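One structure is given here, and the rest of the page talks about it.
So that the names make sense, note that chain A is the first sequence line, chain B the second, and so on, each numbered from 1. Treat the numbers as computed from the prediction; the structure is a model and nothing was measured.
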There are 2 protein chains.
Amino acid sequence: MAGVSQSTVSRSFSPNAKVSEGTRRKVMDASRELGYRPNTITRSLITRSSRTIAVVTYSLENPFYSFMLEKASRFFQAQGYHLLMFFAPPSGDFDAVLDDIIRSQVEGVLMLAITMTQHQTGLVDDFGIPVVIINRTVDYAGISQVGSDNVQGGYWAGRHLASLGHRRIALLGGLPDSSTHQQREAGFLEGLHSMDQTCPAIEIGNYRYDDACQATRRLVGSPTPPDALFAANDLMALAAMEILRHEFALEVPGDVIDPALNLRRSPEVAPASAAPGITQHLVQVHGLVARLRLDQHNGQDRPNGPPSSSR
Amino acid sequence: MAGVSQSTVSRSFSPNAKVSEGTRRKVMDASRELGYRPNTITRSLITRSSRTIAVVTYSLENPFYSFMLEKASRFFQAQGYHLLMFFAPPSGDFDAVLDDIIRSQVEGVLMLAITMTQHQTGLVDDFGIPVVIINRTVDYAGISQVGSDNVQGGYWAGRHLASLGHRRIALLGGLPDSSTHQQREAGFLEGLHSMDQTCPAIEIGNYRYDDACQATRRLVGSPTPPDALFAANDLMALAAMEILRHEFALEVPGDVIDPALNLRRSPEVAPASAAPGITQHLVQVHGLVARLRLDQHNGQDRPNGPPSSSR
DNA sequence: CTGTTAGCGCCTTCAA
DNA sequence: TTGAAGGCGCTAACAG
């Protein structure tokens with residue numbers, strides 16, 4: 001319809017190709033009339049570039065990850081890339097997913113809060129597909145990882161709560177096998193230790209809202225409930241606050257209860273010093289810090305300042 | 001290496017193709033040794049099936065949508081499809097995104113909380129790509145839509161709050177142009193009207209957490225604050241509760257304050273009848289109902305029961 | 001059951 | 001600046 005060859009059509013749709021303005025216009029006019037659009041998928045066959053990135057995750061329950069997903073997606077989209085979603089089965093074995101990913105010719109893989117074994121890394125690496133592990137760390141070299149300093153974060157949280165005068169600071173832990181949990185726990189215990197304290201109770205919330213609710217009930221319902229709580233991520237902190245506030249009628253931070261009555265009292269009625277009360281205080285460091293960093297990153301590059309203090 | 005033709009290799013990787021067991025094994029052995037994997041993208045060229053679905057959305061800030069994204073993604077993945085993410089620019093003009101989508105040869109489009117004009121629908125339809133609009137409605141025919149009965153939901157919410165005895169029931173509205181906002185508002189006002197009431201105040205939260213916080217401050221800070229609040233979605237309800245509880249020291253539901261003092265009091269100190277108090281009550285219907293339905297849907301089909309009552 | 005052949009829609013030489 | 005030819009890796013149709 002435009003009276004030109006296939007090659008010229010192809011060139012007309014390539015911004016950098018050399019086509020005369022008149023020809024390009026003719027091609028575009030004809031394309032509009034015919035409803036023609038270049039086929040991205042076929043193009044990728046010859047250019048060997050799918051302009052596609054795989055994202056692998058177990059769950060988007062934690063809003064932190066859908067936040068990252070959106071940011072990453074917009075970032076890639078701005079340069080003509082798109083994210084292809086892969087969800088790992090809860091079982092934990094995602095070799096089949098990796099196979100799927102390799103076959104799909106993606107040009108990169110984002111592991112969102114998923115650890116890979118060295119063998120799995122090698123699998124993908126053999127195809128020249130770069131992998132970035134987000135918010136998990138592995139103990140072998142040769143793979144890109146992005147995350148926060150979880151040990152420091154946990155350390156600060158522990159010291160912070162202890163420095164406020166709390167003496168029974170419990171841990172609401174994440175997935176036991178995850179590097180984040182292990183590092184935050186280690187840092188936290190170290191932080192307590194640095195203040196000559198130990199952790200009286202650890203309950204596991206698996207980084208899940210519902211599990212964290214249960215864990216909080218166990219913690220607070222125990223004969224010697226904690227007087228402060230460190231949650232290993234935002235989502236569990238929200239769960240804990242919800243339970244503390246609305247099942248145990250506590251305020252976070254700062255309220256005081258008489259455990260014998262299990263009733264909320266104003267400080268004047270039952271001051272902390274007058275009864276074996278429980279003051280609730282809850283700290284969650286990692287997610288908040290990472291979120292701030294991401295937001296800053298949206299703007300422009302900035303020098304590496306020292307990590308911010310807790311809270 | 002396996003001593004067979006290209007076709008036989010191809011067939012060996014097609015579960016339903018007829019290949020002798022021995023040949024298939026030889027092919028698989030050689031593939032493993034060579035590190036060969038079929039190229040999904042090239043396959044789609046000849047089969048004319050990309051096994052890819054586009055998801056378009058403005059934002060994943062509302063966890064309801066990342067929830068749906070995960071469910072949809074797992075559903076499709078189970079049958080060999082994958083989701084390709086497209087984020088619409090905040091401006092609202094996403095014709096370029098639609099063009100991108102068409103070129104990408106997806107076999108379907110999920111519009112997550114995005115409305116399309118009839119012209120835009122036609123654009124995609126001309127390529128034979130089915131579109132499903134999720135949680136928005138359009139006023140022309142020929143396009144699939146999935147959502148809840150927002151008018152009924154709003155109606156129930158309005159009546160419910162009025163029947164509890166509230167008399168200044170404000171609305172925390174969503175995106176003014178969205179069908180969900182308009183329908184929930186219409187139903188809500190109708191529900192109030194059915195109880196011989198009118199809405200004293202409407203503030204817009206744009207379905208966003210931060211905007212909803214601001215809107216709540218305006219509502220509660222006004223000279224005649226509401227005694228109940230209907231939020232047009234979960235995310236804004238969470239924002240409102242956060243502000244009410246922690247900036248205004250109110251309990252949701254059920255606390256009572258003396259607006260002159262703006263202090264929280266226990267009912268014994270300042271019973272609702274003793275002063276022009278504000279009893280807070282907050283209802284959000286839509287997201288909850290939709291979420292329940294989705295979860296049920298995970299299990300198995302069930303008969304269409306009547307829509308559940310509010311709360 | 002297996003091999004040969006053709007072609008999916010595009011891009012990239014190479015010539016003109 | 002444009003056109004012709006070849007090929008990306010795969011599958012479908014057709015023989016054998």
- Taken in chain and number order and not counting sequence neighbours, the residues that satisfy salt bridge (Lys or Arg N to Asp or Glu O under 4.0 Å) with A/Arg37 are B/Asp99
- Task: Tell me, please, which residues at least two apart from B/Leu69 pass side-chain contact (heavy atoms from CB on, under 4.5 Å).
- Result: A/Leu60, A/Leu69, B/Val55, B/Leu60, B/Leu83, B/Met85
- Task: Would you mind listing every ring-ring contact (aromatic ring centres under 6.0 Å, His included) that reaches into residues 11-52 of chain A, with sequence neighbours excluded?
- Result: A/Phe13-A/Tyr36
- Query: What about the rings of A/Phe86 and B/His82, do their centers lie closer together than 6.0 Å?
  - Reply: yes
- Pairs where residues 107-122 of chain A contributes a residue and the test side chain to side chain donor-acceptor pair (under 3.5 Å) is met, not counting sequence neighbours: A/Ser49-A/Glu107, A/Tyr81-A/Glu107, A/Asp95-A/Gln120, A/Thr117-A/Gln120, A/Thr121-A/Tyr140
- Message: Just verifying a value: how many Å separate A/Leu235 CG and A/Asp210 CG, rounded to the nearest 0.5 Å?
- Response: 9.0 Å
- Note on the structure: CG (A/Leu84) and CG (A/Asp100) are apart, to the nearest 0.5 Å, by 9.0 Å
- Message: Taking salt bridge (Lys or Arg N to Asp or Glu O under 4.0 Å) as the definition, give me every residue that meets it alongside A/Asp29, ordered by chain and number, with sequence neighbours left out.
- Response: A/Arg32
- Side-chain donor-acceptor pair present, A/Thr23, A/Ser20, cut-off under 3.5 Å: yes
- The complete set of salt bridge (Lys or Arg N to Asp or Glu O under 4.0 Å) pairs with one or both residues in residues 74-89 of chain A, sequence neighbours excluded, reads A/Glu70-A/Arg74
- At what angle, to 10 degrees, do the two end axes of the helix from C/dC1-D/dG16 to C/dA16-D/dT1 meet, given five pairs define each axis? 30°
- A/Pro89: side-chain contact (heavy atoms from CB on, under 4.5 Å) partners, not counting sequence neighbours: A/Ser91, A/Phe94, A/Val97
- Query: Can you list, by residue number, the residues of residues 35-47 of chain A that have a non-hydrogen atom closer than 4.0 angstrom to DNA chain D?
  - Reply: A/Leu45, A/Ile46
- Query: If you walk 5' to 3' along DNA chain D, what is the first nucleotide with an atom under 4.0 Å of a heavy atom in chain B, and what is the last?
  - Reply: D/dG9 to D/dA13
- Query: Start at the 5' end of DNA chain C and walk down; is the nucleotide closest to B/Arg48 or to B/Val4 reached first?
  - Reply: B/Val4
- Set of salt bridge (Lys or Arg N to Asp or Glu O under 4.0 Å) partners for A/Arg208, sequence neighbours left out: A/Glu61
- Item | DNA chain C contacts made by residues 7-33 of chain B, counting heavy atoms under 4.0 Å | B/Ser7, B/Thr8, B/Arg11, B/Lys18, B/Val19, B/Ser20, B/Thr23
